[in-house]
Amino acid sequence: MRVTLGVMRVDDLGCTIAGRTLLAGVCFSIDHGEALAVLGPSGAGKSLVLRCLLGLAPSEAKVTGRLQWEGREVSLADRDALAQLRGRGLALVPQAAAASLDPMRTVGAQLREVCALHDTDGRPNERLEEVGLAAEFADRHPHALSGGQAQRVALALALACRPALLLADEPMAALDCVSQAELVELLVRRCAAEQVALVLVSHDLARVVRCCARAIVLDGGRMVARGPLAELLAAPPEPTTAAMVLAAARRG
Ligand SMILES: Nc1ncnc2c1ncn2[C@@H]1O[C@H](COP(=O)(O)OP(=O)(O)OP(=O)(O)O)[C@@H](O)[C@H]1O
């Protein structure tokens with residue numbers, strides 16, 4: 001059982017490139033075992049928020065704002081300090097999982113490497129089983145995985161770091177509807193089981209509505225709404241959220 005100091009609090013995150021404001025005034029906090037959705041239309045700045053938190057914003061970007069990590073202040077401009085949080089602190093499940101895997105090495109070798117790097121439990125078979133993949137996947141190379149299987153391997157790799165917080169950047173984007181629902185359900189179930197906080201990026205409110213209690217909504221790099229997802233759904237406070245609610249309702 002972890003002490004509940006809160007995992008992360010982000011205040012006034014901003015990002016500019018060549019004088020162009022790409023993010024401004026983004027604020028949120030998240031606690032252990034909690035799930036927060038980061039919503040918004042394409043180009044809203046959702047992926048950029050995750051890159052800034054990981055210290056992986058484009059090299060020409062100027063990032064501003066403050067981050068409190070388990071009660072400790074970290075400047076969002078300090079890429080080295082943010083890099084220290086990667087692994088046991090923050091781990092990422094990327095949008096295009098297959099491209100994030102090493103094509104030359106088996107799934108098992110990649111899992112063992114991550115476990116050795118972060119000094120965590122290194123049994124690939126168990127890690128694969130947790131994400132619904134049979135032990136034989138440990139011997140496969142990434143080219144022998146379907147899109148959904150590659151996303152599950154990426155999830156297993158991220159969880160193998162034993163992070164306090166998982167950042168998931170539309171991990172279901174490339175999958176069919178049934179596989180999307182299964183992957184989101186798996187993601188949320190695993191995070192809850194391991195008391196890992198989850199920040200789930202999506203442009204699709206319908207996809208996150210059952211698994212995230214709270215959300216922030218971005219548009220044009222600005223945070224236009226924030227609060228319990230049920231409240232945003234019941235009474236969208238501004239047009240971007242209203243459009244997302246309408247789109248979710250149309251899809252049933
Ligand atoms: N390296 C970069 N240089 C200049 N602009 C960039 C760079 N990376 C991202 N941007 C811009 O930042 C804005 C936000 O992009 P981002 O990828 O975060 O959007 P998103 O909300 O994740 O969109 P999507 O849902 O389509 O993935 C976009 O206008 C994009 O063009």
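Whatever order the structure lists them in is the order used to number ligands and atoms, beginning at 1.
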For the 3.5 Å polar cut-off, considering only N or O atoms, please tell me whether Ala44 and ligand 1 meet it. yes
Ligand 1 contact by Gly43, heavy-atom criterion under 4.0 angstrom: yes
Heavy-atom contacts with Arg20 under 4.0 Å: which atoms of ligand 1 show up? List them by number with element. 29 (O)
Counting heavy atoms only, name the option from Pro41, Gly220, Ser47 that's nearest to atom 17 (O) of ligand 1. Ser47
For Glu170, the ligand 1 atoms whose distance to one of its heavy atoms is below 4.0 Å: 25 (O)
For ligand 1, is Ala18 a contact, meaning one of its heavy atoms is under 4.0 Å away? no
Would the number of heavy atoms belonging to other residues, nucleotides or ligands and lying under 6.0 Å from CZ of Arg9 be above 12? no
Check: Ser42 N/O within less than 3.5 Å of ligand 1 N/O: yes
Worked check of side-chain hydrogen bond (donor to acceptor under 3.5 Å, both in side chains) between Asp169 and Ser47: CA-CA 6 Å; Asp169 190 359; Ser47 300; 2.9 Å; yes
Would you indicate whether Glu129, at its atom CD, is surrounded by more than 12 heavy atoms from other residues, nucleotides or ligands within a distance under 6.0 Å? no
Hey, is CZ on Arg210 packed in by over 12 heavy atoms from elsewhere, all under 6.0 Å? no
Kindly confirm or rule out an N or O of Lys46 lying under 3.5 angstrom from an N or O of ligand 1. yes
Strictly inside 4.0 angstrom of atom 31 (O) of ligand 1, do you find any protein heavy atom? no
Salt bridge flag under 4.0 Å for residues Glu231 and Arg226: no
Restricting to heavy atoms, the pick from Thr21, Leu48, Leu22 nearest atom 5 (N) of ligand 1 would be Leu22
Under 4.0 Å from any heavy atom of Ile17, which atoms of ligand 1 are there? 2 (C), 3 (N), 4 (C)
For residues Val209 and Leu233, determine if any side-chain heavy atom of one lies less than 4.5 Å from a side-chain heavy atom of the other. yes
With respect to Ile216, which candidate in Val49, Leu232, Val26 satisfies the side-chain contact (heavy atoms from CB on, under 4.5 Å) definition? Val26
